[in-house]
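Worth knowing before you read on, the calculation uses all heavy atoms, side chains too, and leaves out hydrogens, waters and symmetry mates.
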Amino acid sequence: MKMYVKFVILLLALVKCNAYKQETSMLPEGYVDAAQRSTHTNNWAVLVDASRFWFNYRHVANVLSIYRSVKRLGIPDSQIILMIADDMACNARNPRPGQVYNNANQHINVYGDDVEVDYRGYEVTVENFVRLLTGRTQNGTARSKKLLSDAGSNVLIYLTGHGGDGFLKFQDSEEITSQELADGIQQMWEKKRYNELFFMVDTCQAASLYEKFTSPNVLAVASSLVGEDSLSHHVDPSIGVYMIDRYTYYALEFLEKVQPFSKRTIGEFLQVCPKRVCISTVGVRKDLYRRDPHKVPITDFFGAIRPTRVSTDRINVTLANEEDFINAARGEPKKPFKIVMQPQFSADLFK
């Protein structure tokens, strides 16, 4: 009898092993370790510019650039929460009304690509940010202003602004502390509001903001260590202010080379700004994270998993030319159709 039980257990183990091999055979090499595979089903991004006033132009450019990158990689606006002062595009000192750029070359207007701002101006408060994370929004809050994540969600939180040891200023009138951030993320975990969370912050003494974290499955990166300033990248003489911060600039340079099915990893992303170019020291916290960042695709946080339906029927796509449909009706071969987004800035602009 005991021999029979052992035989059955061995047989089940072999069946399970074969099933696992079939399941992982289609995955890219390097992502087949069961302990390293993502289990998330959807992606969310919370992007926050916590400052205001014209001289903080670079912070708005920071957050709008990250917004454009995650949107390009597949996260829809319905799953992006954008919080900005929104006082740069129409500021009286802006020589180009309705436009915001992230580099002196002014290659692309990062405010002009269908930007959907969810919290603007005086709505960008510590209270609203904490309510957003914890799901305690006030009655009457629009659905578009809610973080509707669940236990299967990978959540990206990006913060930029002015900070110090253990705090980040909001609108130059209040502060959120590292303990409040840790408590908010702990509530998210207890309420099953995320599967994995990537915390990214670009501010002075940024690493102090993740020191109090204790929640599982959290990976954090900061543009500077405690006691260090996070510096800006370059000035545009035509508007007289800094255009973008150093850490975000080099993060974008990396993200611009990433495609939706890229094999680039989070581990590579954590190394995008060495001290020789960043001047500040980038801080990383990965003791709470269960996976090896070098085996985690960058798109697990900056991209999106979206349901796909294959159809052989004729579909009227408004972005396509009418000529394409006429040619199809005649049986002529289709022209290749693809949407290409311009790069945010030339990679060799400041070499």
Side-chain angles (χ1 to χ4, degrees), residues 30-40 43-48 66 129-130 133-134 147 149-160 163-168 176-230 247-248 250-251 254-255 263-275 278 280-303:
Y31 297 101
V32 297
D33 184 356
Q36 301 299 333
R37 285 180 296 157
S38 175
T39 56
H40 76 292
N43 288 80
W44 287 79
V46 178
L47 312 177
V48 182
I66 297 295
F129 178 61
V130 173
L133 295 184
T134 59
L147 178 64
S149 55
D150 54 41
S153 304
N154 274 12
V155 180
L156 165 68
I157 298 178
Y158 173 84
L159 302 176
T160 186
D165 190 356
F167 69 89
L168 176 69
I176 188 169
T177 66
S178 56
Q179 187 61 62
E180 288 172 322
L181 278 170
D183 290 344
I185 291 174
Q186 180 61 28
Q187 286 189 50
M188 290 181 70
W189 174 252
E190 291 174 356
K191 294 180 177 182
K192 298 182 179 180
R193 290 176 60 77
Y194 74 84
N195 170 61
E196 293 179 343
L197 188 145
F198 185 52
F199 181 80
M200 181 178 174
V201 56
D202 190 350
T203 185
C204 295
Q205 308 196 56
S208 65
L209 293 174
Y210 61 56
E211 287 181 339
K212 306 277 187 180
F213 289 0
T214 58
S215 308
N217 298 351
V218 175
L219 181 64
V221 62
S223 61
S224 57
L225 298 181
V226 177
E228 291 185 348
D229 291 333
S230 183
Y247 178 73
T248 298
Y250 288 103
F254 180 90
L255 290 173
K263 294 183 181 181
R264 306 299 292 271
T265 68
I266 282 287
E268 294 176 78
F269 181 73
L270 296 176
Q271 301 170 350
V272 296
C273 198
K275 192 168 184 177
C278 227
S280 60
T281 307
V282 174
V284 177
R285 174 109 188 255
K286 53 186 178 182
D287 58 298
L288 300 170
Y289 195 62
R290 61 187 170 86
R291 296 198 283 164
D292 178 0
H294 288 284
K295 294 184 179 179
V296 178
I298 184 77
T299 49
D300 271 15
F301 292 101
F302 289 88

Run the salt bridge (Lys or Arg N to Asp or Glu O under 4.0 Å) test on Glu196 and Arg291 for me, step by step, so that the C-alpha distance in whole Å, both residues' side-chain angles and the decisive distance to 0.1 Å come before the verdict. CA-CA 10 Å; Glu196 293 179 343; Arg291 296 198 283 164; 2.8 Å; yes
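- We find the CG-CG distance between Leu209 and Leu168 to be 6.0 Å, quoted to the nearest 0.5 Å.
- The two residues Val282 and Leu270 come nearest to each other via the heavy atoms CG1-O, 4.4 Å.
- Side chains of Asn154 and Asp300: no donor on one and acceptor on the other come within 3.5 Å.
- Here the straight-line distance linking atom CG of Asn195 with atom OG of Ser153 works out to 8.0 Å at 0.5 Å rounding.
- Under the salt bridge (Lys or Arg N to Asp or Glu O under 4.0 Å) criterion, Arg193 pairs with no residue, sequence neighbours left out.
- Within the 4.5 Å cutoff, the side chain of Thr160 has no heavy atoms near those of the Val48 side chain.
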Using side-chain contact (heavy atoms from CB on, under 4.5 Å), reason through Leu159 and Met200 one step at a time and then give a plain yes or no. CA-CA 6 Å; Leu159 302 176; Met200 181 178 174; over 6 Å; no
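- Of all non-hydrogen atoms in Thr265 and Glu268, the two that sit nearest each other are N-OE2, 3.0 Å.
- Between the side chains of Gln187 and Asp183, no donor N or O sits under 3.5 Å from an acceptor N or O.
- Residues Tyr250 and Val272 approach most closely at CB-O, 3.8 Å, considering heavy atoms.
- At least one donor-acceptor pair under 3.5 Å links the side chain of Ser280 to the backbone N or O of Ser223.
- In terms of the side-chain hydrogen bond (donor to acceptor under 3.5 Å, both in side chains) criterion, Thr134 has no residue partners (sequence neighbours excluded).
- One finds the CZ atom of Phe198 at 14.0 Å from the CG atom of Asn217 (value rounded to the nearest 0.5 Å).
- Of all the heavy atoms in Ile157 and Phe129, the pair that sits closest is CG2-CZ, 4.4 Å.
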Does Gln186 form a side chain to side chain donor-acceptor pair (under 3.5 Å) with Ser215? I'd like the steps, not just the answer. CA-CA 5 Å; Gln186 180 61 28; Ser215 308; 2.7 Å; yes
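- Ring pair Phe269/Tyr247 is perpendicular by interplanar angle, where above 60° counts as perpendicular and below 30° as parallel.
- Phe199 pairs with exactly one of Tyr210, Phe213, Tyr158, Tyr194 by the ring-ring contact (aromatic ring centres under 6.0 Å, His included) rule, that one being Phe213.
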Let's go through Ile298 and Leu255 carefully: what are the C-alpha distance in whole Å and the side-chain angles of both, what is the deciding distance for side-chain contact (heavy atoms from CB on, under 4.5 Å) to 0.1 Å, and is it a yes or a no? CA-CA 9 Å; Ile298 184 77; Leu255 290 173; 4.2 Å; yes
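- Annotation: the span from Phe167 atom CZ to Gln179 atom CD amounts to 16.0 Å, rounded to 0.5 Å.
- In this structure, the side chain of Ser208 engages the main chain of Gly164 through a donor-acceptor pair within 3.5 Å.
- Between Lys286 and Pro293, the closest side-chain pair of non-hydrogen atoms falls below 4.5 Å.
- A donor-acceptor pair shorter than 3.5 Å can be found between the side chains of Thr281 and Glu228.
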Determine, stepwise, if the pair Ile185 / Thr214 fulfils side-chain contact (heavy atoms from CB on, under 4.5 Å). CA-CA 9 Å; Ile185 291 174; Thr214 58; over 6 Å; no
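- Distance alone, capped at 3.5 Å, is enough to place a donor-acceptor pair between the Thr177 side chain and the Glu180 backbone.
- Of the inter-residue distances, the one linking Ser149 atom OG with Lys192 atom NZ reads 13.5 Å to the nearest 0.5 angstrom.
- Considering CG of Leu219 and CD1 of Ile266, their distance stands at 6.5 Å, rounded to 0.5 Å.
- Contact check for Tyr289 versus Val218: no side-chain heavy atoms found under the 4.5 Å cut-off.
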Leu181 vs Lys212, test: side-chain contact (heavy atoms from CB on, under 4.5 Å). Steps then yes/no. CA-CA 8 Å; Leu181 278 170; Lys212 306 277 187 180; over 6 Å; no
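- There is a side-chain donor-acceptor pair under 3.5 Å between Ser230 and Asp202.
- Nearest approach of Ser224 to Gln205, heavy atoms of both residues: OG-N, 2.9 Å.
- The two residues Ala207 and Val226 come nearest to each other via the heavy atoms CB-N, 4.3 Å.
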